[in-house]
K.L.:
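Mind having a look at this structure? Questions to follow.
Excluded from the calculations below are hydrogen atoms, water molecules and symmetry mates; all remaining heavy atoms, backbone and side chain alike, are included.
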Amino acid sequence: MITDILTLWAAAIPLMGSPGPATLSLAGIGAAYGFRAGAGYLAGIVLGTVSVLLLIATGITGLILGIPVLVQAITVLALGYILYLAYKIATAPPLGETQTAQSAPRFAAGYILALANPKAYAAIGAAYASVLIGGDAWADAAIKIPALAILIVAINSVWLTLGASISGLLRNRRTARVVNAVFAISLLASVALAIHGMVDFR
């Protein structure tokens with residue numbers, strides 16, 4: 001069983017850890033606001049992504065993907081929300097200004113983005129199906145859900161930490177604006193790739 005879990009992790013890490021809307025937004029928020037201010041957002045991303053994992057494990061995602069109108073509505077709402085989040089990152093003031101920590105996205109923002117993140121469904125769906133563990137579907141889910149949940153916590157924490165590691169360099173307003181804009185643009189670019197991946201997953 002340990003070998004199976006290691007195989008699952010080997011398949012899941014590149015799929016779930018690669019740049020995407022959630023990971024890039026975490027890095028951007030870490031850079032723009034710092035780790036402490038971004039911790040609530042991180043918690044939202046983690047729990048939202050675990051919720052996606054549960055939707056996939058229970059087969060609910062398959063039912064949703066079978067309703068094209070619902071998929072289109074969710075996609076439009078997700079795009080709108082990610083555009084808003086990219087704006088928040090791009091316009092964040094340099095660290096040290098009093099309004100920065102107060103304006104950082106919180107738990108609810110992270111949770112909503114995680115649920116709306118098309119890459120999460122494609123990546124977790126592919127990882128979940130990559131290896132069969134256990135003798136039946138229930139045993140398989142009982143092992144895979146906690147194993148992948150551990151990765152969700154670790155991967156997203158690393159991305160926030162990476163962003164926060166450069167936050168101290170962004171106290172200059174001009175530098176902060178440029179770096180925040182790069183993160184915002186990267187976030188938007190990742191959405192196009194994620195939607196393409198979601199289409200392939202369907």
Side-chain angles (χ1 to χ4, degrees), residues 1-30 35 38-67 71 74-75 78 82 107 109-165 186-187 189-202:
M1 185 175 72
I2 293 176
T3 301
D4 290 332
I5 292 174
L6 292 176
T7 301
L8 175 66
W9 282 349
I13 287 172
L15 288 167
M16 295 167 58
S18 59
T23 52
L24 285 174
S25 70
L26 279 163
I29 285 168
F35 188 92
Y41 182 81
L42 168 64
I45 288 286
V46 166
L47 289 182
T49 308
V50 170
S51 297
V52 171
L53 170 60
L54 293 174
L55 290 173
I56 289 171
T58 57
I60 293 174
T61 300
L63 296 176
I64 294 173
L65 292 176
I67 307 173
V71 172
I74 292 172
T75 301
I82 291 171
F107 175 90
Y111 190 82
I112 292 169
L113 177 67
L115 285 180
N117 179 11
K119 185 204 170 205
Y121 294 89
I124 294 174
Y128 196 87
S130 65
V131 59
L132 180 64
I133 304 174
D136 56 46
W138 288 107
D140 186 59
I143 296 169
K144 284 182 179 176
I145 290 172
L148 291 176
I150 290 170
L151 277 191
I152 289 168
V153 173
I155 287 169
N156 288 296
S157 297
V158 166
W159 275 95
L160 180 62
T161 301
L162 286 174
S165 69
S186 299
L187 173 59
S190 74
V191 174
L193 294 174
I195 290 175
H196 182 268
M198 186 66 174
V199 171
D200 290 343
F201 175 59
R202 290 169 57 197

K.L.:
From I143 CD1 over to W138 CH2, what is the distance, rounded to the nearest 0.5 angstrom?
P.N.:
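Interatomic distance, I143 CD1 to W138 CH2, rounded to 0.5 Å: 14.0 Å.
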K.L.:
How long is the gap from CZ on F107 to CG on L47, to the nearest 0.5 Å?
P.N.:
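One finds 4.5 Å between CZ of F107 and CG of L47.
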K.L.:
Rounded to the nearest 0.5 Å, how far does CD1 of I145 lie from OH of Y128?
P.N.:
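Taking OH in Y128 and CD1 in I145, the distance rounds to 5.0 Å.
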K.L.:
Identify the heavy atoms of I56 and G125 that sit nearest to each other, and give their distance.
P.N.:
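Reported closest heavy-atom pair: CD1-N, 3.5 Å.
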K.L.:
Is the side chain of K144 donor-acceptor paired with the backbone N or O of V131 at a distance under 3.5 Å, no angle test?
P.N.:
yes
K.L.:
What distance do I45 atom CD1 and L42 atom CG have between them, rounded to the nearest 0.5 Å?
P.N.:
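So the CD1 of I45 and the CG of L42 are separated by 8.0 Å.
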K.L.:
If you take all heavy atoms of G38 and I29, which pair is closest and at what distance?
P.N.:
CA-CG2, 3.9 Å
K.L.:
Enter the distance from N156:CG to T161:OG1 here, rounded to the nearest 0.5 Å.
P.N.:
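Here the interatomic distance stands at 10.5 Å.
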K.L.:
What heavy-atom pair brings I5 and A147 nearest, and what distance separates the two atoms?
P.N.:
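Smallest heavy-atom distance, with atoms named: CG2-CB, 4.3 Å.
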K.L.:
Which distance, rounded to the nearest 0.5 Å, do you find between the CH2 of W9 and the CG of D4?
P.N.:
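Going from CH2 on W9 over to CG on D4, the span is 12.5 Å.
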K.L.:
Between A141 and P146, which heavy-atom pair has the shortest distance, and what is it?
P.N.:
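Where A141 meets P146 most closely, the heavy atoms are O-CD, 4.1 Å.
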K.L.:
Where do N117 and V52 land on the side chain to side chain contact (heavy atoms under 4.5 Å, CB included) test, with the steps shown first?
P.N.:
CA-CA 9 Å; N117 179 11; V52 171; over 6 Å; no
K.L.:
Please find the pair of heavy atoms, one from S157 and one from F35, that lie closest to each other, and give the distance.
P.N.:
O-CE1, 4.4 Å
K.L.:
Heavy atoms only: give me the nearest A114-A120 pair and the separation to one decimal.
P.N.:
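For A114 and A120, the tightest heavy-atom pair comes out as O-CB, 4.3 Å.
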K.L.:
Could you work out, with side chain to side chain donor-acceptor pair (under 3.5 Å) as the rule, every residue matching S165, not counting sequence neighbours?
P.N.:
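Partners of S165 under the side chain to side chain donor-acceptor pair (under 3.5 Å) test: none.
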K.L.:
Under 3.5 Å, side-chain donor or acceptor atoms of residues 13-25 against the rest of the protein: list the pairs with distances, not counting sequence neighbours.
P.N.:
unit_1	atom_1	unit_2	atom_2	d
S18	OG	P14	O	3.2
S18	OG	L15	O	3.3
S18	OG	K119	NZ	3.1
T23	OG1	S18	O	3.3
T23	OG1	G20	N	2.8
T23	OG1	G20	O	3.2
S25	OG	P21	O	3.0
S25	OG	A22	O	2.8
S25	OG	Y41	OH	2.8

